[in-house]
Amino acid sequence: MRVAIFGCGQLARMLALASWPLNVRFSFLVEPGENTDCVQGLGTIVERPAGADAQQLYAALGHPDVITVEKEAVDTTLLQALSAHCAVHPNATAVYESQNRRREKMRLDALGIPSTPHAFASDAASLKAAADKLGFPLVVKAAEHGYDGKNQWRIADSAALDAFLQQQPQGDWVVEAFIRFQCEVSLLAARSATGEIRLYPAVLNHHVHGILRSSIAPAQGVEPAWIERMQQHLIRLLEHWQYVGVIAMECFVIDGGLVVNELAPRVHNSGHWTQQAAVTCQFENHVRAILGLPLGNTDTAITSAMLNLIGVNATPQQALGAYTTLHWYNKTVRPGRKVGHINIRHPEREQVLAILQQLEQQFYPA
Ligand code: ATP
Ligand code: MG
């Protein structure tokens, strides 16, 4: 079986690493000049041929059984055209709607799924109207091309809003109320081509400067009924889209329940702990889902955590211990760049938290 992946980052790498044992082989569609270090040795790297149509691209990718994505910013017209040649999962509509925050919010609104209070804006008048509606502080997010906290701005008051408009008089923005959340959790699910759905336990996430620093699973201290309610919403969304693959829903926990922050139509950083602590990891389950294979169990019998390595080098000597595992992405270390992660797994929750704290101090000394 052959899977073609749009993209060649660490998510593509880990999809391939998890599925080689299933005898699945890979090709990676990359942009001209894109750095392919993450996927070296893991399959055929295909540079997007200029002017190629879907038929030619399908052939260049080695006639895959299925095409999938490891990122949101992909050409969904091309995805749609490729679906005439082989299965494309998740489908072009799901990717199209979630690659743009405005469309994503509109889908959530239409399905009655609670998300952060929001408004849409494109210029000074509409931005000021959004501020009147939502109140300060605000978070202004570009509708497209945001990740790791990039292309979003926190606006404290109307003076800050004026300063922002001086810099950027126009744009395509989703404006959100700044949420004083209790904590952040993400929900991960897999839906297979046969319609089978499995949910992973909720994950507690800790962000630093808008980038995920660490995750702990299963999340504790969040009302299970709130999690269940949002998981039901997630299942409705998956069925609405006829979604196939793994999806992540990032949520804020506030008084009275969960609200959606954003969706990621792919395997997700907050699911990396599943590599060591779930019966079947998110990467293998994504590949099982898109190939129509039975999904693996998503339970965890143990507490685990994940620490991202962001702009910091970590050798096996530094990272490995009796209860830790290193996943290095074969990238060059640069400030702010995710270059690997450490998974921690221990039967006792307190031990997991203690090891996480110790590693965090080791790799991010204050
Ligand atoms: P990702 O890399 O997860 O895709 P992103 O750059 O797309 O991230 P968001 O998830 O929207 O952006 O925001 C990043 C982080 O910023 C959130 O996890 C949260 O900690 C904080 N944040 C975002 N929106 C709000 C908000 N409305 N109120 C308070 N904090 C927020
Ligand atoms: Mg996010």
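Keep in mind it's a predicted model, so treat the numbers as computed, not measured. Position 1 is the first residue of the sequence; numbering continues from there. Both ligands and their constituent atoms are indexed starting at 1 by order of listing.
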Are any side-chain N or O atoms of D37 and backbone N or O atoms of Q40, one a donor and one an acceptor, separated by less than 3.5 Å?
no

Side chain or backbone of L212 under 4.0 Å from ligand 1, or both, or neither, by non-hydrogen atoms?
neither

Looking at atom 1 (P) of ligand 1, what's its closest protein heavy atom, distance included?
E262 OE2, 3.2 Å

With a 4.0 Å cut-off on heavy atoms, does R180 reach ligand 1?
no

Please list the nearest protein heavy atom to atom 2 (O) of ligand 1 with its residue and the distance rounded to 0.1 Å.
D148 N, 2.6 Å

Among all protein heavy atoms, pick out the one at the shortest distance from atom 12 (O) of ligand 1; state its residue, atom name and that distance to 0.1 Å.
Q152 NE2, 2.9 Å

With a heavy-atom distance limit of 4.0 Å, tell me whether V139 approaches ligand 1 through its side chain, its backbone, both, or neither.
side chain

Heavy-atom nearest neighbour in the protein, as seen from atom 7 (O) of ligand 1, with distance rounded to 0.1 Å:
R101 NH2, 2.9 Å

Which of these, N285, T298, T300, D299, sits in a side-chain hydrogen bond (donor to acceptor under 3.5 Å, both in side chains) with Y200?
N285

Below 6.0 angstrom between ring centroids: does that apply to H327 and Y329?
no

Just jot down the ligand 1 atoms closer than 4.0 angstrom to any heavy atom of A177, in number order.
26 (C), 27 (N), 28 (N)

May I ask you to check whether over 12 heavy atoms, not counting those of E144, lie within 6.0 Å of atom CD?
yes

For OE2 in E250 and OE2 in E262, the angle at the Mg ion (ligand 2) (nearest 10°) is 80°

Could you walk me through whether K128 and D162 pass the salt bridge (charged side-chain N to carboxylate O under 4.0 Å, His left out) check?
CA-CA 9 Å; K128 284 183 174 162; D162 288 338; 3.5 Å; yes

Side-chain donor/acceptor of N91 to backbone N/O of W241, under 3.5 Å:
yes

Of E184, K338, H145, H206, which has the heavy atom at the shortest distance from atom 20 (O) of ligand 1?
E184

Heavy-atom count around H145 NE2 within 6.0 Å, excluding the residue itself: above 12?
no

What's the shortest distance from atom 31 (C) of ligand 1 to any protein heavy atom, and which residue and atom give it?
F252 CZ, 3.6 Å

Under 4.0 Å from a heavy atom of E250: which atoms of ligand 1 are those, numbered in the order shown and with their elements?
3 (O), 10 (O)

To check your reading of the model: name the closest protein heavy atom to atom 24 (N) of ligand 1, its residue, and the distance in Å.
K141 NZ, 2.9 Å

Should the heavy atoms of other residues, nucleotides or ligands under 6.0 Å from OH of Y96 be counted, would the total exceed 12?
no

The atoms of ligand 1 lying under 4.0 Å from a heavy atom of E176, numbered in the order shown, are 24 (N), 26 (C), 27 (N)

For E262 and K141, run salt bridge (charged side-chain N to carboxylate O under 4.0 Å, His left out): C-alpha distance rounded to whole Å, both residues' side-chain angles, the deciding distance at 0.1 Å, then the answer.
CA-CA 12 Å; E262 63 165 354; K141 300 180 178 181; over 6 Å; no

Flag, side chain of T116 to backbone of N261, donor-acceptor distance under 3.5 Å
no

Just to confirm my output: which protein heavy-atom neighbour is closest to atom 6 (O) of ligand 1, and how far is it?
G149 N, 2.5 Å

Using a 4.0 Å cutoff against the non-hydrogen atoms of F181, which atoms of ligand 1 qualify?
20 (O), 29 (C), 30 (N)

Which atoms of ligand 1 are found less than 4.0 Å from any heavy atom of R154?
16 (O), 21 (C), 22 (N)

